[in-house]
Amino acid sequence: MAEIKFKIEGEQETVKLGELMASVCIPLCKKLKKSVLINLEGDLGAGKTTFSRGFIVACGYKDIVRSPTYTLVEPYDFEDFSVYHFDLYRLLDPEELEYMGIRDYFEKTSVCLIEWPDKAQGVLPEADITIELSYSVDSRDVVIKSELIEQKDLDTISSNFR
Ligand code: ADP
Ligand code: MG
């Protein structure tokens with residue numbers, strides 16, 4: 001299991017982390033031709049949506065990235081892959097996801113960014129990457145864990161924040 005911890009200071013660094021993760025995850029997703037699940041853990045205001053915005057914009061999306069708080073999921077289709085941005089905060093019953101056809105999302109060549117994965121326990125496949133963001137006033141502590149990403153790639157990402 002590859003793992004890294006570091007600190008990011010200010011919103012722009014969270015956006016940058018999203019961009020850097022996209023540059024590692026999208027090639028992996030295209031190579032494996034499967035869905036790569038990224039669980040985004042952390043309280044309200046930890047930076048999960050900010051991270052997702054950086055990730056999605058780095059994929060080439062030109063419009064405003066909206067928080068899928070009410071829609072549960074926002075799809076972004078690119079030429080040969082998709083990004084599905086989930087926010088499960090308002091999910092009342094994991095069964096709702098079955099009605100939405102959530103399995104289809106996990107069968108595509110896609111990256112699934114999942115805010116509040118705990119709300120869907122038992123329904124989501126196991127994450128390939130877990131990102132924990134914890135709140136401080138002017139910064140966030142980040143822990144990234146993955147079986148899919150190589151340690152050297154995580155080391156390179158964190159070296160951008162020193
Ligand atoms: P979440 O989706 O986890 O609820 P958001 O991304 O919507 O969080 O909001 C995070 C808030 O924290 C935003 O106001 C953003 O400007 C701020 N923020 C994001 N990253 C950092 C950071 N690394 N340091 C300080 N503030 C941050
Ligand atoms: Mg959010």
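Indexing begins at 1, ligand by ligand and atom by atom, following the structure's order.
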> Taking it one step at a time, do K7 and E13 satisfy salt bridge (Lys or Arg N to Asp or Glu O under 4.0 Å)?
Replying inline: CA-CA 9 Å; K7 190 182 281 286; E13 288 205 346; over 6 Å; no
>> Any atom of ligand 1 sitting under 4.0 Å from a heavy atom of D43?
In response: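 Yes, D43 has heavy atoms under 4.0 Å from ligand 1.
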> So is R140 close enough to ligand 1, meaning a heavy atom under 4.0 angstrom away?
Replying inline: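 Flag set, R140 near ligand 1.
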>> Tell me which one of I131, T130, I38 satisfies side chain to side chain contact (heavy atoms under 4.5 Å, CB included) with I144.
In response: I131
> Roughly how far, to the nearest 0.5 Å, is the CD atom of E98 from the CZ atom of R103?
Replying inline: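 Rounded to the nearest 0.5 Å, the CZ-CD separation comes to 4.5 Å.
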> Under 2.8 Å from the Mg ion (ligand 2), which protein atoms of type N, O or S occur, listed by chain and number?
Replying inline: T49 OG1, E115 OE1
Mind checking whether [X] and [Y] have side chains closer than 4.5 Å, heavy atoms only?
X	Y	answer
T109	C29	yes
F86	I102	yes
H85	S52	yes

Minimum-distance protein heavy atom relative to [atom]:
atom	value
atom 7 (O) of ligand 1	T49 CB, 3.7 Å
atom 8 (O) of ligand 1	G47 N, 3.1 Å
atom 11 (C) of ligand 1	G45 O, 3.8 Å
atom 16 (O) of ligand 1	E11 OE1, 2.7 Å

> What class does the angle between the rings of F55 and F51 fall in, given that below 30° is parallel, 30 to 60° is tilted and above 60° is perpendicular?
Replying inline: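 It falls in the tilted class, 30° to 60°.
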> Looking only at atom types and distance, does a side-chain atom of K30 sit under 3.5 Å from a main-chain N or O of F81, one as donor and one as acceptor?
Replying inline: no
> Is a side-chain N or O of S146 found less than 3.5 angstrom from the main chain of L148, in a donor-acceptor match?
Replying inline: yes
> Between L154 and E3, is a side-chain contact (heavy atoms from CB on, under 4.5 Å) present by the stated rule, with each step listed?
Replying inline: CA-CA 7 Å; L154 292 184; E3 177 170 348; 5.6 Å; no
State the atoms of ligand 1, each with its element, that fall below the 4.0 Å cut-off from a heavy-atom position in [X].
X	answer
K48	1 (P), 2 (O), 3 (O), 4 (O), 6 (O), 8 (O)
L44	4 (O)
S139	24 (N), 25 (C)

>> Check this for me: Q151, atom CD, are more than 12 non-hydrogen atoms of other residues, nucleotides or ligands nearer than 6.0 Å?
In response: yes
>> Would you say D141 and S134 are linked by a side-chain donor-acceptor pair, where the criterion is simply a distance under 3.5 Å?
In response: no
> Should one rank T50, D141, I8, T14 by closest heavy-atom distance to atom 21 (C) of ligand 1, which comes out on top?
Replying inline: T14
>> Please say yes or no: joined through hydrophobic side-chain contacts below 4.5 Å, possibly via intermediate residues, are Y84 and M21 part of one cluster?
In response: no
> Does E115 approach ligand 1 within less than 4.0 angstrom via side chain, backbone, both or neither, non-hydrogen atoms only?
Replying inline: side chain
> For ligand 1, which part of D138 has a heavy atom less than 4.0 Å away: the side chain, the backbone, both, or neither?
Replying inline: backbone
> Just distances here: any N/O of G10 and N/O of ligand 1 closer than 3.5 Å?
Replying inline: yes
>> Under 3.5 Å between any N/O of V137 and any N/O of ligand 1: does that happen in this structure?
In response: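 No, since none of the N or O atoms of V137 sits under 3.5 Å from an N or O of ligand 1.
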